[in-house]
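Heads up, the thing below is written out as structure tokens.
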There are 2 protein chains.
Amino acid sequence: MSIQARRERERAEREKLIVTAARELVETEGWDAVTTRRLAEEVEYSQPVLYSHFKGKDAIMAAVALEGFADLATELRAAAPSGLAAVATAYTSFAERRPALYDAMFSQAVDLPFASPATPAALHAGFDALSDAIRPHVGDDDLGLLTETFWAALHGLATLTRGGRLPRDAHDERLTILLSRFTT
Amino acid sequence: MSIQARRERERAEREKLIVTAARELVETEGWDAVTTRRLAEEVEYSQPVLYSHFKGKDAIMAAVALEGFADLATELRAAAPSGLAAVATAYTSFAERRPALYDAMFSQAVDLPFASPATPAALHAGFDALSDAIRPHVGDDDLGLLTETFWAALHGLATLTRGGRLPRDAHDERLTILLSRFTT
DNA sequence: ACAACGTTCCTAGCGTTGCTAGATCTGGAG
DNA sequence: CTCCAGATCTAGCAACGCTAGGAACGTTGT
């Protein structure tokens, strides 16, 4: 019994190692640097071990994205006591500071279940933080739908800015406009 | 003179053929089907001719994206007389009906110059249509910044819905909320 | 009309990608 | 100490974007 337990523990540790390495790689060198060969070299194992842990490269990036959601939730929660404006700033700041991770969360990993019973806790946590912050301004609208709408607006600002579609220097003004329209 | 003109005309026609083929391919079979080999087969030429017209695959997709912007601008202009709500619906409807094309416009083609003197007319046209529709509700805000913000919100709704991040059936309610916050 | 030319185009191939089958090695059990 | 099972690696596949080199074409000058 004990030896099997040790093996499973080692396996779990190695899985964590893979995800961490993938995350560091994508954050420091960007998405293109994350290849299965490079990642295998980074964790000092051969390529096939990656596939004994994950179904494929997409699954690895989904795991990275999940960690990203956990981080985002933490940052949003920290900003929550300061009000909606602080949360909105925290959100776009996160996307700006960790663009590759944000990409993994919203552009790459399609396999994560959203808005369903199987939705991981980390996703719920971030959504709830946003929801709490916007509750004072809910008015006659449904809180869940209002949160989704506001989230979408933040996400739009973040991605369009990242892609060079919106000039970066006017970001604060746009955020101010958005907040003025969503606060009562 | 005439024979060179004919050659240039044929070249232009073939370039158009390539972009059209790429566009049909991406709209019918999705992004993964667009490979240089497949595209070359589709236009009945060998791969290298693609590179005599475009710098690389990215440039081809940028050309496809540009056509997408022209289409979007047309649809937005058509909806403009009916007011902001109609324009907003037209926008998200476009993203919903042609998801792969919308991806090309906003996720893939990074080479297109936005918000700069070199911005192609098709991009300006769509932005202007949105701008005209929102002008009646500008209030004390800057029209350009307000347009950008509203555009970002629509884009966020479109992309999050497309990625399965937002349940599709409540889309209309979210759009209603957004409009209620952006109309005065 | 014909040969030489320049351009256009294709065949073939390079390096890299995600992923996998078969060989090899390791570590626990009898 | 030997054997077996499971874990791990080496080697390779098919497909990718892209490019060099030569063949084939149409144009031009004699």
Side-chain angles (χ1 to χ4, degrees), chain A residues 1-19 21-23 25-26 28-65 100 103-104 107-111, chain B residues 1-19 21-23 25-26 28-65 100 103-104 107-111:
Chain A
M1 197 56 134
S2 160
I3 124 170
Q4 175 136 1
R6 191 210 67 209
R7 280 194 173 152
E8 285 176 10
R9 195 174 57 240
E10 286 175 349
R11 238 190 109 71
E13 278 172 16
R14 195 173 59 180
E15 188 157 318
K16 186 79 183 166
L17 181 68
I18 292 172
V19 177
R23 176 175 171 162
L25 203 50
V26 78
T28 54
E29 301 190 34
W31 189 258
D32 290 349
V34 184
T35 69
T36 57
R37 281 172 177 76
R38 178 72 192 278
L39 186 53
E41 185 186 355
E42 215 74 34
V43 298
E44 296 179 316
Y45 281 94
S46 66
Q47 280 179 282
V49 304
L50 303 179
Y51 293 89
S52 75
H53 286 273
F54 300 94
K55 201 181 62 185
K57 192 190 170 187
D58 288 355
I60 298 178
M61 292 322 297
V64 172
D103 281 351
S107 303
Q108 308 280 353
V110 189
D111 302 5
Chain B
M1 195 60 131
S2 162
I3 125 169
Q4 175 140 0
R6 191 208 67 209
R7 280 194 174 152
E8 285 177 9
R9 196 174 55 241
E10 287 175 348
R11 238 191 109 71
E13 278 172 16
R14 197 174 58 180
E15 188 158 318
K16 186 81 182 166
L17 180 68
I18 292 171
V19 176
R23 176 176 170 162
L25 202 51
V26 78
T28 54
E29 301 191 34
W31 191 258
D32 289 349
V34 184
T35 70
T36 57
R37 283 171 176 78
R38 178 72 191 279
L39 186 54
E41 185 186 355
E42 215 74 35
V43 298
E44 295 178 317
Y45 281 94
S46 67
Q47 281 180 282
V49 304
L50 303 179
Y51 293 89
S52 76
H53 286 273
F54 300 94
K55 203 181 61 184
K57 191 189 171 187
D58 289 355
I60 298 177
M61 291 323 297
V64 172
D103 281 351
S107 303
Q108 309 280 353
V110 191
D111 301 6

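Chain letters run A, B, ... following the sequence lines, proteins first and then strands; every chain starts at 1. Just so you know, these numbers come straight off a predicted model, no measurement behind them.
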For residues 43-54 of chain A, which residues have at least one heavy atom under 4.0 Å from DNA chain C?
-> Q47(A), P48(A), Y51(A)
For E41(A), side chain to side chain donor-acceptor pair (under 3.5 Å) partners two or more places apart = none
Kindly compute the distance separating OG1 (T35(A)) from CG (L25(A)), expressed to the nearest 0.5 Å.
-> 7.5 Å
Starting from C1' on dT17(C), measure out to CH2 on W31(A) and report it in whole angstrom.
-> 14 Å
Could you list the residues that satisfy side-chain contact (heavy atoms from CB on, under 4.5 Å) with A40(B), not counting sequence neighbours?
-> Q47(B), L50(B)
What is the distance from CG of D58(B) to C1' of dG17(D), rounded to the nearest Å?
-> 10 Å
Hey, which sits more toward the 5' end of DNA chain C by its nearest nucleotide, R14(B) or R37(A)?
-> R14(B)
Separation of dT8(C) P from R11(B) CZ (nearest whole Å) = 7 Å
Take atom CD1 of I60(B) and atom C1' of dG17(D), then tell me their distance rounded to the nearest Å.
-> 10 Å
E10(A): salt bridge (Lys or Arg N to Asp or Glu O under 4.0 Å) partners, not counting sequence neighbours | R6(A)
Output all residues satisfying salt bridge (Lys or Arg N to Asp or Glu O under 4.0 Å) with E42(A), sequence neighbours left out; order by chain, then residue number.
-> R38(A)
Would you kindly give the NZ-to-P distance between K57(B) and dA15(D), to the nearest whole Å?
-> 15 Å
What pairs with Y45(B) under side-chain contact (heavy atoms from CB on, under 4.5 Å), at least two apart in sequence or on another chain?
-> R14(B), V43(B), V49(B)
Look at T36(A) and dC19(C) and indicate whether a side-chain polar atom (N or O) is within less than 4.0 Å of OP1 or OP2.
-> no
Interatomic distance, I18(B) CD1 vs dG17(D) C1' [rounded to whole Å] = 15 Å
What's the CD-P distance between E41(A) and dT16(C), to the nearest Å?
-> 13 Å
R38(B) CZ to dA15(D) C1', straight-line distance once rounded to whole Å | 14 Å
